[in-house]
There are 2 protein chains.
Amino acid sequence: MSKQQAPLPVVDLNADAPCCPPLAQRRVPAETAVVLAPAFKALGDPVRLQLMSMIASAEDGEACVCDLTPAFDLTGPTISHHLKTLREAGLVDAERRGTWVYYRARPQILRQLAALLSIEPVAAAKA
Amino acid sequence: MSKQQAPLPVVDLNADAPCCPPLAQRRVPAETAVVLAPAFKALGDPVRLQLMSMIASAEDGEACVCDLTPAFDLTGPTISHHLKTLREAGLVDAERRGTWVYYRARPQILRQLAALLSIEPVAAAKA
DNA sequence: TGTCTGATTCGACGGACGTCAAGACAGGCG
DNA sequence: CGCCTGTCTTGACGTCCGTCGAATCAGACA
């Protein structure tokens, strides 16, 4: 079953999920933790964190694997493996155009993760 | 000499680090990725994500291990191990007071991680 | 059509991780 | 003092992860 860039069985936090009241505001329920943790885990590797950043900060919002790979002292298959991990975590999307494959960040889930980690900047400075 | 809750050799992102221009704004340098990735990795486990949330959202800003442990179907040592992981990632702080040990979240690093993931640099400034 | 380049998948290896049981340590109390 | 409760450490076990080389798949081009 070669479904290269096919929509992998991804966590569907991108759908309608209003899933993210700040972690420090209300206790995260187990089901939410199970769904969200893989996304953090995917970012828990230096190579993937850089890949994610390179993709998200790319000029046209997308980055070619051919630009990503030479940025590391790693083999092609290894980079491909990391990209797959990011894809399965729902952090990026891939699309093949001709010879090259382009990756694109999914802002929604990034926003959700950021919201989860956000700390009230408000006057919560109460003892 | 048992230095149980002594300040472990933790990543020092808490110090003066202005370390976090959004991931999608500028490419994260390798050194930054190496320092930050462990924090995400620590949050990459459902149990630790819940622990982090329980600690950060606790009433008085701190949570007792005796309250944390019974919330999971895991043994004491396992919870202790996860808490140590969070401690080494610089996400929480521990303090022993009498019989019990209390854990407290470190808002600074949470803010940094949230900032790293933030997509919109726009209206976020005020709030 | 054949072949070449780019990207992914497969199979394997070493190391790290999550979990537990058993033991060790710290502090309170009889 | 001795014991009890609470927490952490140690050692072990099975599983997952990061990496590679080799094989495979997808398009482009002659």
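We name chains A, B, ... by the order of the sequence lines, and we start the count at 1 in each one.
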Quick check: closest heavy atoms across [X] and [Y], and the distance to 0.1 Å?
X	Y	value
A:Ala39	A:Leu91	O-CD1, 3.9 Å
B:Ser118	B:Pro22	O-CB, 3.4 Å
B:Ile119	A:Pro107	CG1-O, 4.0 Å
A:Ile79	A:Phe72	CD1-CD1, 3.8 Å
B:Ala94	B:Val101	CB-CG1, 4.3 Å

Are any protein N/O atoms closer than 3.5 Å to N/O atoms in nucleotides 16-23 of chain C? If there are, list each pair with its distance.
| unit_1 | atom_1 | unit_2 | atom_2 | d |
| --- | --- | --- | --- | --- |
| C:dC17 | OP1 | B:Lys41 | NZ | 3.4 |
| C:dG18 | OP1 | B:Arg48 | NH1 | 3.2 |
| C:dG18 | OP1 | B:Arg48 | NH2 | 2.9 |
| C:dG18 | OP2 | B:Arg48 | NH1 | 3.2 |
| C:dT19 | OP2 | B:His82 | NE2 | 2.3 |
| C:dC20 | OP2 | B:Thr75 | N | 3.1 |
| C:dC20 | OP2 | B:Thr75 | OG1 | 3.3 |
| C:dC20 | OP2 | B:Thr78 | OG1 | 2.8 |

Per the disulfide (SG to SG under 2.5 Å) rule, what does the pair list look like for residues 77-107 of chain B, sequence neighbours excluded? none
Atom [atom1] of [X] to atom [atom2] of [N]: distance rounded to whole Å?
X	N	atom1	atom2	value
A:Leu83	C:dT8	CG	P	6 Å
A:Leu49	D:dG18	CG	P	13 Å
A:Trp100	C:dT8	CH2	C1'	17 Å
A:Ile79	C:dT8	CD1	C1'	13 Å
B:Glu95	C:dA26	CD	C1'	15 Å
B:Arg97	C:dG27	CZ	P	14 Å
B:Leu68	D:dC8	CG	C1'	15 Å
A:Leu51	D:dG18	CG	P	12 Å

Measuring to OP1 and OP2 of D:dG27, would you say a side-chain N or O of A:Thr99 lies under 4.0 angstrom away? no
Does A:Tyr102 make a side-chain N or O approach to OP1 or OP2 of C:dG6 shorter than 4.0 Å? no
Going by the side chain to side chain contact (heavy atoms under 4.5 Å, CB included) test, name the single residue among B:Asp93, B:Val92, B:Leu49 that passes it with B:Leu86. B:Val92
Contact between B:Leu68 and B:Ile55 at the side-chain level, heavy atoms closer than 4.5 Å - yes or no? yes
Does A:Leu83 share a hydrophobic cluster with A:Tyr102, counting links as ILVMFWY side-chain heavy atoms below 4.5 Å and allowing steps through other members? no
At 4.0 Å (heavy atoms only), tell me whether A:Gly98 reaches a base, stays on the sugar-phosphate, or touches nothing. sugar-phosphate
Rounding to 10 degrees, work out the angle separating the end axes of the helix from C:dT1-D:dA30 to C:dG30-D:dC1 (five pairs an end). 10°
